[in-house]
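Not measured: the values here are computed from a predicted model.
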Amino acid sequence: RFQSWARCCDATCADGMWKFEILGFFGRTVKIASLPSGAPVGSFSWKFRGGILRLDEGDVFEWKALGFWSGEKAFITPSGFPILTFKPKMLSLKSRGVITIHREYANIPQLPMLVMLGVALVVTEQRRRRT
């Protein structure tokens, strides 16, 4: 469940709650905090066709486009393997798509937050393109 899509988004799933707050005039950074405590979790920085997620615990993941035309995005490990992929349904008036979690990474503790952040990033990118 997501609440609000402006500069701040609260994301809730069975495994946790997070706040994604877009910072800066051009919105190039997303600050991530756990809810309800508000403790910082990390930050995401937009780059050309992707970005970098840096978690406060030290983990770093790349958000990368997997193809130019498909619109498919993924969080990638530092060694270059996709953790999960997001494939939007093209030619749809609504934000829809398929999330694939790769078996090798199904048990990492960051997975619920990565899924929620990935959905928020995909929707944010779609909304930016529409305006």
Side-chain angles (χ1 to χ4, degrees):
R1 181 175 66 109
F2 292 91
Q3 290 183 317
S4 177
W5 286 103
R7 305 282 295 169
C8 187
C9 173
D10 291 347
T12 304
C13 70
D15 296 317
M17 297 169 44
W18 301 272
K19 179 178 186 175
F20 306 130
E21 183 178 4
I22 299 173
L23 303 174
F25 182 72
F26 293 107
R28 303 306 295 171
T29 301
V30 178
K31 182 177 129 188
I32 305 162
S34 64
L35 292 176
S37 70
V41 174
S43 65
F44 176 83
S45 300
W46 292 96
K47 305 287 183 206
F48 179 72
R49 294 191 63 213
I52 301 292
L53 172 63
R54 297 181 193 285
L55 300 179
D56 288 353
E57 60 192 32
D59 293 322
V60 176
F61 302 104
E62 183 180 5
W63 175 249
K64 184 177 179 182
L66 298 181
F68 185 77
W69 296 108
S70 71
E72 192 170 4
K73 301 278 186 154
F75 277 113
I76 308 290
T77 65
S79 55
F81 296 103
I83 298 170
L84 61 152
T85 57
F86 298 82
K87 184 171 185 169
K89 286 206 176 204
M90 298 301 198
L91 305 174
S92 175
L93 296 177
K94 295 183 179 182
S95 297
R96 295 182 179 183
V98 176
I99 300 171
T100 304
I101 299 170
H102 298 271
R103 185 176 305 152
E104 300 84 16
Y105 303 102
N107 294 321
I108 64 170
Q110 303 91 343
L111 187 63
M113 190 272 303
L114 290 175
V115 170
M116 299 304 278
L117 177 60
V119 170
L121 294 174
V122 168
V123 171
T124 299
E125 286 177 356
Q126 289 174 347
R127 287 175 177 239
R128 283 183 177 175
R129 274 189 243 122
R130 290 179 189 153
T131 57

Between Thr85 and His102, is the side-chain contact (heavy atoms from CB on, under 4.5 Å) condition met? List the steps.
CA-CA 8 Å; Thr85 57; His102 298 271; 3.5 Å; yes

Between Leu55 and Leu53, is a side-chain contact (heavy atoms from CB on, under 4.5 Å) present by the stated rule, with each step listed?
CA-CA 6 Å; Leu55 300 179; Leu53 172 63; 3.9 Å; yes

Yes or no on side-chain contact (heavy atoms from CB on, under 4.5 Å) for Ile76 and Trp63, after CA distance, side-chain angles and deciding distance?
CA-CA 6 Å; Ile76 308 290; Trp63 175 249; over 6 Å; no

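Linking ILVMFWY residues whenever their side-chain heavy atoms come closer than 4.5 Å, directly or via other members, leaves Leu84 and Ile52 in distinct clusters. Grouping the Ile, Leu, Val, Met, Phe, Trp and Tyr side chains by contacts below 4.5 angstrom, directly or via other members, places Val60 apart from Met113.
For Thr77, the side-chain contact (heavy atoms from CB on, under 4.5 Å) test picks out Ser79, Phe81, Ile83, Tyr105, with sequence neighbours left out. Considering only residues two or more places apart in sequence or on other chains, Ala39 meets the side-chain contact (heavy atoms from CB on, under 4.5 Å) condition with Ser34, Ser37.
In this structure, the side chains of Thr100 and Phe86 stay at 4.5 Å or more apart for every pair of heavy atoms. Between Glu57 and Gln110 the shortest side-chain heavy-atom distance falls below 4.5 Å.
Distance check, rounded to the nearest 0.5 Å: NZ of Lys73 to CD of Glu62 gives 10.5 Å. Between the OG1 atom of Thr29 and the CZ atom of Arg54 there is a distance of 11.0 Å, given to the nearest 0.5 Å. Rounded to the nearest 0.5 angstrom, Lys31 NZ and Cys8 SG are separated by 9.0 Å. Between Ile32 atom CD1 and Asp56 atom CG the span is 9.0 Å, to the nearest 0.5 Å.
Closest approach of Ala33 to Gly38, counting heavy atoms only: CB-O, 3.8 Å.
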Tell me which donor-acceptor pairs under 3.5 Å the side chains of residues 14-23 have, and how far apart each pair is, sequence neighbours excluded?
none

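The aromatic rings of Phe75 and Phe44 stand perpendicular to each other, their planes meeting at an angle above 60°, with 30° marking the opposite boundary.
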